[in-house]
Novice: 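Here it is, the structure, as structure tokens.
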Amino acid sequence: MEWLKAVQRLREQRVPGVLVTLTSVRGHSPREAGAKMVVSADHTWATVGGGNLEAVAIEHARAMLTDGLETPESLKVSLSDKAPYQHGVQCCGGEVELLLEPLPVVPSVAIFGMGHVGLELARILARHDLELHLVDSRTAQLEPEQLRGLDDAVAGVHIHQVPVLPELVIGELPEGTHVLVMTHDHAEDAALCDAALRAGHLGSIGLIGSSAKWSRFRAKLADEGHAPEAIARITTPIGLPDLGGKEPATIAVSVAARLLQIFAGEPAPSEQQPR
């Protein structure tokens with residue numbers, strides 16, 4: 001199906017679009033109910049009937065994209081030579097209803113370190129519509145047996161096995177990816193923080209650890225030439241400040257909840273407790 005391939009292509013390329021479905025037909029129409037097409041800002045795939053009907057649908061879909069709308073909308077179009085028309089007469093004699101469903105660019109999250117917390121966090125995030133990148137320098141942490149809890153994932157899960165220099169994955173991540181650094185090795189964490197700050201395309205950057213760890217990292221990053229305002233991009237501790245507990249599942253819930261707030265555009269809490 002051309003429209004389905006288009007939806008997949010837009011998601012992979014992280015381009016927003018609109019799925020247009022012909023939901024009902026009264027009288028005569030060029031296409032039957034169920035016909036679909038996909039619209040992006042500069043391209044279309046498949047068809048819901050051509051002519052004025054399709055032109056109106058495309059125009060409406062692109063207006064939704066321009067306005068950044070994420071709520072589906074319905075649209076009725078009369079196929080009569082007596083009805084007002086915008087893009088030529090289409091006199092099939094029927095009336096159709098269209099459903100226009102936005103296809104937004106979903107969030108992208110990268111977890112560096114698939115230890116106890118990373119695995120619990122991946123299980124939670126995998127239940128959401130996003131692109132989830134899992135990175136670890138330890139091959140065993142990314143074996144299928146270890147990741148069995150992600151078999152029914154809603155998210156698109158991408159596995160990065162990088163025994164050497166996992167920080168190179170930073171440059172491969174999609175624009176706006178939210179990065180969480182929680183590896184088994186503080187030296188690896190430091191290299192990842194450095195690489196994340198040098199990259200210009202990431203979203204938020206979070207580092208798991210204590211205040212003592214962050215003090216050492218902050219000094220090291222400054223020595224490596226990062227300005228204070230750049231270092232301040234790294235959030236540590238991570239998660240919700242008022243959700244205590246050190247169990248991996250508790251920390252994972254806290255971090256996931258904060259990410260959902262970030263996705264929704266909510267500001268960071270004014271105060272955080274060490275984790």
Side-chain angles (χ1 to χ4, degrees), residues 8 11-14 106-210 212-214 216-217 220-221 224 233-239 245-256 258-259 275:
Q8 294 170 335
R11 182 176 178 115
E12 291 169 358
Q13 296 176 352
R14 301 187 64 73
V106 300
S108 176
V109 179
I111 303 174
F112 286 83
M114 288 300 294
H116 297 298
V117 176
L119 182 57
E120 293 288 353
L121 180 58
R123 286 172 175 160
I124 297 170
L125 293 179
R127 303 306 188 262
H128 296 268
D129 186 19
L130 50 81
E131 296 299 320
L132 182 60
H133 296 262
L134 308 180
V135 192
D136 205 297
S137 59
R138 302 164 295 174
T139 302
Q141 299 303 113
L142 295 174
E143 291 293 336
E145 181 69 23
Q146 181 79 353
L147 303 179
R148 180 167 293 177
L150 309 183
D151 287 348
D152 61 349
V154 174
V157 179
H158 309 271
I159 307 299
H160 303 263
Q161 291 184 330
V162 280
V164 181
L165 301 177
E167 59 270 25
L168 294 180
V169 176
I170 292 285
E172 302 172 1
L173 296 173
E175 184 82 21
T177 296
H178 301 278
V179 169
L180 293 162
V181 179
M182 49 179 67
T183 80
H184 66 295
D185 184 345
H186 284 198
E188 198 169 293
D189 283 355
L192 287 165
C193 287
D194 175 63
L197 290 182
R198 295 184 189 281
H201 68 292
L202 300 178
S204 64
I205 306 169
L207 170 68
I208 199 169
S210 66
K213 174 183 176 180
W214 178 233
R216 292 193 297 273
F217 273 40
K220 180 176 176 60
L221 290 168
E224 291 173 349
R233 289 188 58 214
I234 297 178
T235 298
T236 187
I238 51 178
K246 294 187 177 181
E247 289 295 321
T250 302
I251 298 173
V253 167
S254 177
V255 175
R258 178 58 194 138
L259 272 175
R275 187 181 299 287

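Since the model is a prediction, treat every value here as computed from it, not as a measurement. Atom set for the values below is all heavy atoms of this structure, side chains included, hydrogens, waters and symmetry mates excluded.
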Novice: Going from CZ on Phe112 to CD1 on Ile208, what distance comes out if it is rounded to the nearest 0.5 angstrom?
Specialist: 15.0 Å
Novice: First locate atom CD of Glu131, then atom CG of Leu173, and finally report the distance between them rounded to the nearest 0.5 Å.
Specialist: 11.5 Å
Novice: Within a radius of less than 6.0 Å around CD of Glu247, do more than 12 heavy atoms belonging to other residues, nucleotides or ligands occur?
Specialist: no
Novice: Measure from the side-chain N and O atoms of His158 to the backbone N and O of Ala110, and report whether any donor-acceptor pair falls under 3.5 Å.
Specialist: no
Novice: Using the side chain to side chain contact (heavy atoms under 4.5 Å, CB included) rule, take His184 and Ser137 through it: C-alpha gap first, then chi angles, then the decisive distance, then the call.
Specialist: CA-CA 9 Å; His184 66 295; Ser137 59; 3.5 Å; yes
Novice: Can you name the closest pair of heavy atoms from Pro237 and Gly209 and give their distance?
Specialist: CB-O, 4.3 Å
Novice: Just to verify, what does Pro107 make a side-chain contact (heavy atoms from CB on, under 4.5 Å) with, not counting sequence neighbours?
Specialist: Leu130, Phe263
Novice: Measure across Leu134 and Val157 and return the closest heavy-atom pair with its distance rounded to 0.1 Å.
Specialist: CD1-CG1, 3.9 Å
Novice: Which value, rounded to the nearest 0.5 Å, describes the distance between Asp189 atom CG and Asp194 atom CG?
Specialist: 12.5 Å
Novice: Side chains of Leu121 and Val109, heavy atoms from C-beta outward: is any pair under 4.5 Å?
Specialist: no
Novice: Output all residues satisfying side-chain contact (heavy atoms from CB on, under 4.5 Å) with His116, sequence neighbours left out; order by chain, then residue number.
Specialist: Pro248
Novice: What distance do Glu172 atom CD and His133 atom NE2 have between them, rounded to the nearest 0.5 Å?
Specialist: 10.0 Å
Novice: Is a donor on one side and an acceptor on the other found under 3.5 Å between the side chain of His178 and the backbone of Gly203?
Specialist: no
Novice: With a 3.5 Å distance limit and no angle check, can you tell me whether Arg14 reaches the backbone of Val106 through a side-chain donor-acceptor pair?
Specialist: yes
Novice: Indicate the atoms forming the closest heavy-atom contact of Glu167 with Ala195, along with that distance.
Specialist: CB-CB, 3.8 Å
Novice: Tell me whether the rings of His186 and Phe217 are parallel (<30°), tilted (30 to 60°) or perpendicular (>60°).
Specialist: perpendicular
Novice: Is the backbone N or O of Met114 less than 3.5 Å from a side-chain atom of Asp136, with the two atoms forming a donor-acceptor pair by type?
Specialist: yes
Novice: Test side chain to side chain contact (heavy atoms under 4.5 Å, CB included) on Val162 and Leu168 and set out the steps.
Specialist: CA-CA 9 Å; Val162 280; Leu168 294 180; over 6 Å; no
Novice: Is a side-chain donor or acceptor of Ser210 paired with a backbone partner of Lys213 at a separation under 3.5 angstrom?
Specialist: yes
Novice: Testing the basics here: between Arg11 and Asp129, what is the closest heavy-atom pair and its distance to 0.1 Å?
Specialist: NH1-OD1, 2.7 Å
Novice: Are the charged groups of Arg138 and Asp185 less than 4.0 angstrom apart, N to O?
Specialist: no
Novice: For a side chain to side chain contact (heavy atoms under 4.5 Å, CB included) check, start with the C-alpha distance between Leu192 and Val135, then their side-chain angles and the critical distance, and finish with the verdict.
Specialist: CA-CA 11 Å; Leu192 287 165; Val135 192; over 6 Å; no
Novice: So, does Arg127 use its side chain to make a donor-acceptor pair with the main chain of Arg123 at under 3.5 Å?
Specialist: yes
Novice: With side chains defined as the heavy atoms from C-beta onward, is the minimum distance between Val117 and Val255 less than 4.5 Å?
Specialist: no
Novice: Is Ile234 close to Val181 at the side-chain level, that is, under 4.5 Å between some pair of heavy atoms?
Specialist: no
Novice: With rounding to the nearest 0.5 angstrom, report the CD1 to CG distance, Ile124 to Leu119.
Specialist: 10.0 Å
Novice: If you take all heavy atoms of Thr236 and Leu207, which pair is closest and at what distance?
Specialist: OG1-O, 2.7 Å
Novice: So, taking the atom named CD1 in Ile205 and the one named CD1 in Ile238, what distance separates them when rounded to the nearest 0.5 Å?
Specialist: 12.5 Å
Novice: I need the minimum non-hydrogen distance between Arg233 and Ala199, along with the two atoms involved.
Specialist: NH1-O, 4.2 Å
